[in-house]
Each structure stands twice: as structure tokens, then as C-alpha cells.
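These figures come from a predicted structure and were not determined experimentally. We're numbering straight along the sequence, starting at 1.
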Amino acid sequence: MLKLAQPSASAEEPAAEGGSLRSIQERIQELKRENDILLMAHNYQYPEIQAVADIRGDTLELCFAGTKVAQPNIVFCGVDFMAEMAKVLNPGKHVFIPDDKAYCPLAGMADVEGVQLMKEHHPEAAVVAYVNSSSAVKAIADVVCASANAVAVCRSLPQEEIIFAPDQNFGQYLQEKLPEKKVHIWAGYCHVHQNMTPAQVQELQAAHPAAEVVVHPECPPDVIATAAYVGSTGGMLKHVRDSPKREFIIGSERELTYAMKVASPGKIFYTLPRAVCPTHKKITVRKLLHTMEALEPEVQLSDEVIQGAQRSVRKMLEFAPRE
Ligand code: CIZ
């Protein structure tokens, strides 16, 4: 996880009506102080948003950071379940998301009734909810896990059987890492990673033979099989930073390469075609400015869901990243 304080421009979000990108970023910095806000952003956010965030990282890094917030207000740039996790960890604080329609389609693929039905079929199994799930599903799970600690979380469970929801590719990856367990896998997927193919990787490898392949475990198994390293976005970032190699093919959302370039100046990154999450991109720097000024829209969760999800999310935080 990096702290990035330098405003920077990006081609993605051209200078806005009502001010240049730089002036918007400067105003966002002022509003942090005026409105006592901590600004958090996921690695998939637009570069101009990552550049002004106080904390940027993968989901687990953002959760750990969410346990140490001093400010009364958090503005979270990410998809809905990420902002909800910040609320779950800070029920007494105000958490805002610049676009409350920035949902995660993968998280929406698993519902409480379906997971309960799976549990009826496999009563001995522990329910493990991947972070990319709704707060309601987290509330009925035994434990939550993120890509950065999933193997450690699942290995620690006394149960031999695990129900894993909602990402099928990640579930299959976990099954391979945990041959001693039986993983019952929900059939969900992240459409950005699901659309990646070995042929796309091979085409990039043919053009850049020195490049190393680094992918996220939400990729399909045949894409994972092409990779030298598999891990969370935070793990991928550290891997490329610490690697002696200079060029990398990245199997994840394209904006991750912004943080990689900041952490690894001089290294070169190639992304796969159409590696863009449209719902992360619902959050723009202008919507962020509005939220910083108006302190809206606010994340709302029932006490029941907060308490249920808090239990399983806090259990996840007993496991530091293992990458
Ligand atoms: O940032 C990541 O790696 C994502 C998308 C999920 C996770 O488990 O942290």
C-alpha cells in the first residue's frame, strides 16, 4: 500500500468544466482538511483519483487501513462492497462513495438464499465469503477472505469442506492450493478477468518476449497457467517492484499499472485488451469533488448487517497478507 500525495494529470479525465484537473485535485486536497476527511482509493480507480488518495491499495490493505482511521469522515473511491467494508469497520463514522451506483457485478452474483441452500447441501462446510461479496452474504459467512490472504484463511479452518463464494476462478485456484480440502465453488465471475484468454497473453508474449506474466486469481485457470506470479493487486504490485525483470504483462484491471509505474519507475507494463472495469470507472474526479464538498452520498447499512459482517471481516483481519 502506498501513500500518494502528488496531484497528477491523466488523459482519462480531461480538464473539467469549472476548472482544470489540477485545480480540482488541489481543491480536493483542501477539502480533506476543511471537512476532516480520509480519502481512500482502490488500485482500479482512475489515476487522477489514486494520485490524490491518502491511502491506496488492494481490498485487504484498505481494510487494514480502515481499522486505523482518525477522521470522522471517509470518502471511499471503489465499488460498493469496498465502501461498505469501510462502514462495517467504522460504524460510528460517516462513509461516502462518490457514485452509489458503482456496484461490483461479481459481488452481486451471490445471494444469501443461495449460499444458505449450498450450506444445506454441505452442512459440514465452513462458508468463506470472498471480499467481493455483499455485506449481507458476509454477515452469514464464517469468515471473509481477500486474494492476499485467502489460502491462509482457508487453511486455518478446522473444517475439511469449504463453501467459497462468489468467484469460480478464484475458488478453483484455492482448490489447487488446498488439496487437503474440498472446496464447493459458487459459479460467479468478474467479467473483466473472465474475458482474459491465453491467446491474448501469447500475443503480448510474442511481441514482448522478455516480459513476465503476472495475473490476478480471478483470471480463468488457463490464463493463470501462463503466469509466473499470481496474487492480489497489492501482491502483484510488490512482485513487479521487487523483480529484477523490466517488462511485465499484467492480467488484471488496467489502472493497476498506474500504481505499478509509481512504485517501479522505468519498468514497462502491458495490459490485456478491454481490461477495464466500467463500474469502478463510474467514480470520476468531478464526482469525487462533489462528494468531498457536499458529503454525499453516504453508505447506509442496517445495524444487523454491520454486526454480522463485522464478525466475519474482523476474523479475516487476523490473517496478514501472505504474498
Ligand atoms: O485488489 C484486489 O486484489 C482485489 C480486486 C481483490 C482482493 O481480494 O483484494
Side-chain angles (χ1 to χ4, degrees), residues 1-4 28 31-32 35-46 49-50 52-104 106-108 129-139 141 143-149 232-234 255 259 277 279-280 282-283 287-292 294-321:
M1 172 174 48
L2 288 183
K3 293 193 170 202
L4 303 171
I28 287 170
L31 284 161
K32 286 182 192 172
N35 287 340
D36 212 354
I37 294 169
L38 180 75
L39 177 53
M40 304 177 90
H42 187 262
N43 289 328
Y44 293 163
Q45 288 289 298
Y46 277 127
I49 291 176
Q50 294 191 42
V52 289
D54 296 308
I55 314 253
R56 180 198 37 74
D58 67 23
T59 321
L60 189 61
E61 290 168 331
L62 292 167
C63 277
F64 274 113
T67 62
K68 299 178 202 128
V69 180
Q71 295 85 337
N73 298 309
I74 299 170
V75 171
F76 200 105
C77 295
V79 282
D80 52 2
F81 78 84
M82 298 179 180
E84 287 180 16
M85 300 251 283
K87 179 69 184 173
V88 163
L89 292 167
N90 295 279
K93 296 186 191 284
H94 299 284
V95 179
F96 305 95
I97 181 165
D99 187 327
D100 55 10
K101 293 180 198 63
Y103 67 99
C104 170
L106 167 60
Y130 183 35
V131 272
N132 296 48
S133 58
S134 68
S135 298
V137 165
K138 289 185 178 91
V143 62
V144 173
C145 72
S147 334
N149 66 0
S232 71
T233 57
E255 245 61 88
C277 174
T279 54
H280 266 278
K282 280 185 177 292
I283 308 234
K287 288 183 194 168
L288 170 59
L289 175 63
H290 170 80
T291 295
M292 300 287 293
L295 294 179
E296 61 166 30
E298 183 164 357
V299 174
Q300 307 284 357
L301 290 176
S302 72
D303 289 347
E304 191 191 342
V305 166
I306 289 179
Q307 276 155 23
Q310 224 172 37
R311 178 191 45 79
S312 54
V313 171
R314 289 215 173 269
K315 219 164 157 196
M316 165 178 81
L317 295 179
E318 291 168 18
F319 297 85

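By the 30° and 60° cut-offs, the orientation of the rings of H42 relative to Y44 is perpendicular.
In terms of modelled atom types and a separation under 3.5 Å, the side chain of K138 and the main chain of S133 share a donor-acceptor contact. Checked by atom type and distance alone, the side chain of Q71 never pairs as donor or acceptor with a backbone atom of D36 at under 3.5 Å. A donor-acceptor pair under 3.5 Å is absent between the side-chain atoms of D58 and the main chain of N43, judged by distance alone. Using modelled atom types, no side-chain atom of K87 and backbone atom of G92 make a donor-acceptor pair closer than 3.5 Å. N132 contributes no side-chain N or O that, together with a main-chain N or O of L106, makes up a donor-acceptor pair within less than 3.5 Å. Formation of a donor-acceptor pair under 3.5 Å by the D99 side chain with backbone atoms of K287 is not found in this model. Side-chain atoms of K32 come within 3.5 Å of backbone atoms of V52 as a donor-acceptor pair (strictly under, hydrogens ignored).
With contacts defined as side-chain heavy-atom distances shorter than 4.5 Å, the pair V79/H280 qualifies. The shortest distance between side-chain heavy atoms of E61 and S232 does not fall below 4.5 Å. Between D80 and T279, every side-chain heavy-atom pair lies at or beyond the 4.5 Å cut-off. Between F76 and V299 the shortest side-chain heavy-atom distance does not fall below 4.5 Å. Annotation: side chain of L89 is in contact with side chain of R314 (closest heavy-atom distance under 4.5 Å). By the 4.5 Å heavy-atom criterion applied to side chains, M85 and V131 are counted as neighbours. The closest side-chain heavy-atom distance from L288 to L39 is below 4.5 Å.
Note that the OH atom of Y46 and the CD1 atom of I283 stand 10.5 Å from one another [nearest 0.5 Å]. The CD1 atom of I28 lies 12.0 Å from the CG atom of N35; values are rounded to the nearest 0.5 Å. In this structure, the separation between CG on L317 and OG1 on T67 is 6.5 Å, given to the nearest 0.5 Å. Here L60 contributes atom CG and M316 contributes atom CE; the two are 5.0 Å apart, rounded to the nearest 0.5 Å. Within the model, atoms CG of D54 and CG of L38 stand 5.0 Å from one another, a figure rounded to the nearest 0.5 Å. The CD1 atom of I97 sits 9.0 Å away from the OG1 atom of T291 when rounded to the nearest 0.5 Å.
Nearest heavy-atom pair, A41 versus I49, reported as atom, atom and distance to 0.1 Å: CB-CG2, 4.3 Å.
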